[in-house]
Undergrad: 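One structure, pasted below without further comment.
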Amino acid sequence: MPRPTCPVCARPLRRDFFLREPPWVARALLGKLLVRREPGKWLAGRIVETEAYLGQDDPAAHAAAGRTPRNAVLYGPPGHAYVYLIYGNHFCLNVSCLPEGVAGCVLFRALEPIAGMAEMAHSRKLNQQQLWGQRVCLLTSGPGRLTQALAITRQRDNGKDLLAAHSDLLLLDDGFHPQRISVTPRIGITKAAERPLRYLIADNPFVSKR
DNA sequence: TTATAGATTGCCT
DNA sequence: GGCAATCTATAAT
């Protein structure tokens, strides 16, 4: 099970990390930390599952039909949060990739909780009893669950720079490297459903279900 | 102006 | 395993 290797040395990711193609970024993000900072609170999770979404050549991507007010962040500078509401109930968090003007992103599908689990449970409306045993996966295993755990919403976080040191939502590298990575087709889509663009840390219990 | 599908989740049988 | 919840971007009248 992944552990922080050097929490003191954790640092924001570099901008050029996100200047590459989404599949590369999706794979490279595994093992990095997603952190929500609030007054007196420190919520953190290790990224264990991602999916890459490309540009107009990817029918499943929001950028497939071109630029709209909704997906404008995808065409903006790399390393920024693209948050949208799905099924009227859940928010999904993505990070933009590639240079300004070129669409592409990575969807965060699951985290392994590292810090602030009690606060996450509160946001998820789970009681302390449910934190134990296999139920702990209900905290952050799934794109809608992890956003709720970290109180991520479109209104609050869409367009936010995830690499700014002062940001209350950011990505950090603490030096951890996953041992084994698996690649599978993306989940929950109907278009281009066969393309292997889902990346996960093999055997990690916080990966979302198939 | 109205209809429909959607990068999900949780509760039901 | 089935399906309702609940909103909005986009397509179809």
Undergrad: Report, as yes or no, whether the 6.0 Å neighbourhood of atom CD on A:Gln56 holds more than 12 heavy atoms from other residues, nucleotides or ligands.
TA: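 Atom CD in A:Gln56 is not packed in, count stays at 12 or less.
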Undergrad: Expressed in whole Å, how much space separates the C1' atoms belonging to C:dG1 and B:dA7?
TA: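 Here C:dG1 and B:dA7 have their C1' atoms 22 Å from each other.
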Undergrad: Pick the nucleotide of DNA chain C nearest each of A:Leu85 and A:Thr68; which residue has the one closer to the 5' end?
TA: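 Checking each residue's closest nucleotide, the 5'-ward one belongs to A:Leu85.
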Undergrad: Should C:dT6 form a Watson-Crick or G-U wobble pair with both distances under 3.5 Å, which nucleotide is its partner?
TA: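 Base-paired to nothing in any strand shown.
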Undergrad: Could you pull out all residues at least two apart from A:Arg27 that satisfy salt bridge (charged side-chain N to carboxylate O under 4.0 Å, His left out)?
TA: none
Undergrad: When you list every nucleotide of DNA chain B with an atom under 4.0 Å from a heavy atom of chain A, which one comes first 5' to 3', and which comes last?
TA: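 Contact span on the strand: B:dG6 to B:dG10.
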Undergrad: Could you check whether A:Arg70 gets within reach of a base, just the sugar-phosphate, or nothing at all, counting any heavy atom under 4.0 Å?
TA: sugar-phosphate
Undergrad: 5'-most contact on DNA chain B: A:Val106 or A:Arg145, nearest heavy atom basis?
TA: A:Val106
Undergrad: Pick the P atom in B:dT2 and in C:dT6, then give their distance to the nearest Å.
TA: 22 Å
Undergrad: Do A:Val83 and A:Thr153 have side-chain heavy atoms sitting under 4.5 Å apart?
TA: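 They are not in side-chain contact.
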Undergrad: Looking for any heavy atom pair under 4.0 Å, which part of the strands does A:Leu107 touch: base, sugar-phosphate only, or nothing?
TA: base
Undergrad: Can you tell me how far P of C:dT10 sits from CD1 of A:Ile86, to the nearest Å?
TA: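 About 12 Å, once rounded to whole Å.
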Undergrad: Under 4.0 Å between a side-chain nitrogen and a carboxylate oxygen: does that hold for A:Glu119 and A:Lys41?
TA: yes
Undergrad: Looking at A:Gln155, I want to see if its CD is surrounded by more than 12 non-hydrogen atoms of other residues, nucleotides or ligands under 6.0 Å.
TA: yes
Undergrad: Is A:Asp173 paired with A:Arg14 through a side-chain N to carboxylate O contact shorter than 4.0 Å?
TA: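 Salt bridge flag = no for A:Asp173 with A:Arg14.
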Undergrad: Find which nucleotide of DNA chain C each of A:His90 and A:Arg154 is nearest to by heavy atoms, and output the residue with the more 5' nucleotide.
TA: A:His90
Undergrad: Identify the nucleotide, in any strand shown, that forms a Watson-Crick or G-U wobble pair with B:dA7, with both distances under 3.5 Å; if there is none, say none.
TA: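 With both distances under 3.5 Å required, B:dA7 matches none.
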Undergrad: Indicate yes or no: does A:Glu49 engage A:Arg145 in a salt bridge with an N to O separation below 4.0 Å.
TA: no
Undergrad: Find the distance A:Tyr87:OH to C:dT10:C1' and express it as a whole number of Å.
TA: 15 Å
